[in-house]
There are 2 protein chains.
Amino acid sequence: MDELTERQKLILSLVVRDYIETAQPVGSKNLIERCKLKMSSATIRNEMAALTEAGYLRQPHTSAGRVPTEEGYRYFVTHFVYQTDLPDATRNTISHQFYQARQDVEQWMHLAASILAHQSRAASLITAPHTERARYKHLELISTQGRQVLMVLVLVGGEVSQQILTLAEPVSQEQLSNAANRLNEVCQSRTTEELASLNPSGDALEKDILTLVLQDMNRGEQRASGEIYLDGLTNVLSEPEFIESDDARRAIRLFEERTLLQDLLARTMVNSHVGGVQVLIGGEGEWQELRQCSVVLARYGIPGAATGALGVFGPMRMSYARTIPTVRFMADLLSGLVSETMVGDES
Amino acid sequence: MDELTERQKLILSLVVRDYIETAQPVGSKNLIERCKLKMSSATIRNEMAALTEAGYLRQPHTSAGRVPTEEGYRYFVTHFVYQTDLPDATRNTISHQFYQARQDVEQWMHLAASILAHQSRAASLITAPHTERARYKHLELISTQGRQVLMVLVLVGGEVSQQILTLAEPVSQEQLSNAANRLNEVCQSRTTEELASLNPSGDALEKDILTLVLQDMNRGEQRASGEIYLDGLTNVLSEPEFIESDDARRAIRLFEERTLLQDLLARTMVNSHVGGVQVLIGGEGEWQELRQCSVVLARYGIPGAATGALGVFGPMRMSYARTIPTVRFMADLLSGLVSETMVGDES
DNA sequence: TTTTAGCACTCGCACGCTTGGAGTGCTAAA
DNA sequence: TTTAGCACTCCAAGCGTGCGAGTGCTAAAA
């Protein structure tokens, strides 16, 4: 039970691959002719019996073929596909696409989600890079008609947030610019706590603005992650195990409601180093709603500065061999982009 | 055939309502007891035969109940629900939610999508307000580490776009600010064309920046709409006609790919005045992929300045009585918000 | 003239039965 | 240790049947 023979490993991997491809329980005879194995079906049956005994395979009912268990997928992933890398050609194609779209972060996110979904033929999710500890970088106040003011706040790391304020009374653009400039000098590179303990000597306007800035930074810190981008939901909708199953729909609901994502990403943030790909198979007992599903997740970015997470969500039967290398590569790629274009700390 | 009798109208509306609720073909006997009508089933049968003759109902097969045709839905919508308004209580609840979330536009979009989806029990879509003719309002250049510069461009109407530039050589924050200030003076309130024909006398840096600003404004104008927000896909996924139908899935794919949306919104932009709700039933022959679906759309905002579109997507069987008033009300509400918080033109 | 009761007819659907085939485990021979 | 053979299991697909909801038509009632 501890260790499988080479032949058992081979058979396990073939069964998993076959099942992933066909979504049908795989039988001994069928496997032989599909894979042109040089053994008889009886031999396969014996080995399959052993693998079933060991907990890697299971039979939906007597006289049906074998289906991988969660442990079976797990073994498959750790022993066969985890190490593999994306082919150079694919890497190049993807890099090229990003090179063309390096203008803005939002486009990266859409592109990354789209590539992940397409490569893995499943649903993808990705959060924009986000700084856990917000640090003030630059503030801009733009007067608009009447008492409305557009406030643009830039954080170290490059996050930009904007909101529209309504002041008690009209203020000229010049006054606004002066206030912003003074705040920019005082607040440069400071964290939320530092700004909160700061006692501004300035006028009422500056104090008000500072309060709003703090609110904004706090709101950002509360959120565990930035905006979440999704793609490829339809891929997973057309999978056979999803067309009628009820808990499949429930999983998709979670997916849409994004609470699941928050949890999963939080977990990934804690458990993994940047670049390490996590594979969550069938909910692993923790997530009831994910019983039939798997999630492949990775973190990207610069720890301590801006980080984000990305992943793929699909049926347990998803193609790990394509998904895992893709997720790893995309995480590396995005980490590179983040460090390249990060709005730095000049202090 | 031209005009229906009052009783026929009544029966048509009851049939449509019943079918919308139950998703089952509705028969004469059943209708009587459900609605406690004071006629016999035979009378209903006669009237139903007339309505079928007139093209408003149809039978899936002999000896099944009646189902509304597209014309049936259309008649129902125009004669029975189009005029209705949302109950005051609901209006107040919704307004209240928006009042709490008036800080930023993005939050509005999410909130609006969520409310639409929830009220209509279907999928909702909404685009951020977008100006067809971009007019320069304000530019900000923020130096970051090395040669990277964060460029924030604000348009009249309040759209904000940001991108990261890489300059040929490092430039100080002061130089950047000066360049931005000069451009802000020259470009104030100008359209893309005016800026393009402008021959800047300034230095190379300013010229380069101006080129990028123009690119950015052009990109914005190319896009027919802003970012698209979706919500409530799961509502429509669990509808009975969607659980296995193939063209239902195709419709959802369109929905996700967002090309459909571009087309639909473009159509809405052309055909409708702000505030008018458009109802597209079963694709109306034009959209093959929407055969089983309906879309309720409206435009919101200030024509000539910032406008956007919002709508609900669902099965033909969707609850028009809830959806149409909600869409209309949300369009009005958002129009109000847009005009309230619009970044104005000071020229 | 309009409405209604009655009736014969239609036809999808759920139910039960049968059958075929893919798959299994076991045993005995190679 | 592997393989051929065999008896056994059991799902899935096909088929017939009866039920019931629904219809249109006709003739009587209002």
Side-chain angles (χ1 to χ4, degrees), chain A residues 3-12 14-16 18-19 21-69 72 240-241 243-245, chain B residues 3-12 14-16 18-19 21-69 72 240-241 243-245:
Chain A
E3 201 46 73
L4 301 180
T5 66
E6 281 308 311
R7 193 169 64 186
Q8 282 171 339
K9 289 189 187 177
L10 174 69
I11 290 173
L12 176 56
L14 290 176
V15 169
V16 174
D18 200 66
Y19 184 67
E21 196 176 329
T22 65
Q24 300 289 332
V26 11
S28 51
K29 214 164 180 176
N30 223 312
L31 190 68
I32 295 237
E33 60 184 40
R34 271 189 158 265
C35 307
K36 300 185 174 52
L37 291 179
K38 294 231 187 71
M39 316 162 225
S40 83
S41 62
T43 311
I44 305 282
R45 277 204 290 284
N46 287 332
E47 297 290 37
M48 276 182 166
L51 287 166
T52 306
E53 177 70 20
Y56 295 119
L57 295 178
R58 123 191 115 73
Q59 292 179 276
H61 20 257
T62 347
S63 98
R66 298 312 210 282
V67 165
T69 62
E241 52 262 73
I243 59 171
E244 206 164 350
S245 154
Chain B
E3 202 44 74
L4 300 180
T5 67
E6 282 307 312
R7 192 169 64 185
Q8 284 170 339
K9 287 189 187 177
L10 174 69
I11 290 174
L12 176 55
L14 290 176
V15 169
V16 174
D18 199 67
Y19 183 68
E21 197 176 329
T22 64
Q24 302 288 334
V26 10
S28 52
K29 214 165 182 175
N30 222 313
L31 190 67
I32 295 236
E33 60 182 39
R34 271 189 159 263
C35 306
K36 300 187 173 49
L37 291 179
K38 295 232 184 72
M39 318 162 222
S40 82
S41 59
T43 311
I44 305 283
R45 277 204 290 283
N46 286 332
E47 297 292 36
M48 277 182 168
L51 287 167
T52 307
E53 179 69 19
Y56 295 120
L57 296 179
R58 120 190 115 76
Q59 291 179 275
H61 19 258
T62 346
S63 96
R66 300 308 211 283
V67 165
T69 61
E241 53 263 72
I243 60 170
E244 206 163 351
S245 152

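Note that this is a predicted model, so its numbers are computed, not measured. Letters go in sequence order (proteins before strands), and every chain restarts at 1.
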C:dA28 pairs with, by Watson-Crick or G-U criteria that keep both distances under 3.5 Å: D:dT3
4.5 Å side-chain heavy-atom contact, B:V26 and B:R66: no
Non-hydrogen atoms of B:L31 and B:M48 that approach each other most closely: CD2-CE, 4.2 Å
Phosphate-side-chain proximity, B:T43 and C:dT3, N/O vs OP1/OP2 below 4.0 Å: no
Taking every non-hydrogen atom, the tightest pair across B:Y19 and B:P68: CD2-CD, 3.5 Å
Atom-pair distance (CD1 on A:I44; P on C:dA22), nearest Å: 18 Å
Interatomic distance where CD belongs to A:E47 and P belongs to D:dT3 [whole Å]: 11 Å
Interatomic distance, B:L37 CG vs C:dT3 C1' [rounded to whole Å]: 14 Å
pair A:T22-A:R34: side-chain heavy atoms closer than 4.5 Å: yes
Under 4.0 Å protein heavy-atom contacts per nucleotide of nucleotides 20-30 of chain D, with B for base, S for backbone only and - for none: --BBB------
B:K9, NZ atom: more than 12 neighbouring heavy atoms under 6.0 Å: yes
Spatial distance of atom CG (B:L57) from atom CD (B:E47) [nearest 0.5 Å]: 11.0 Å
Length of the line joining A:Q24:CD and C:dG21:P, which is rounded to integer Å: 17 Å
Interatomic distance, B:Q8 CD vs C:dT2 P [rounded to whole Å]: 12 Å
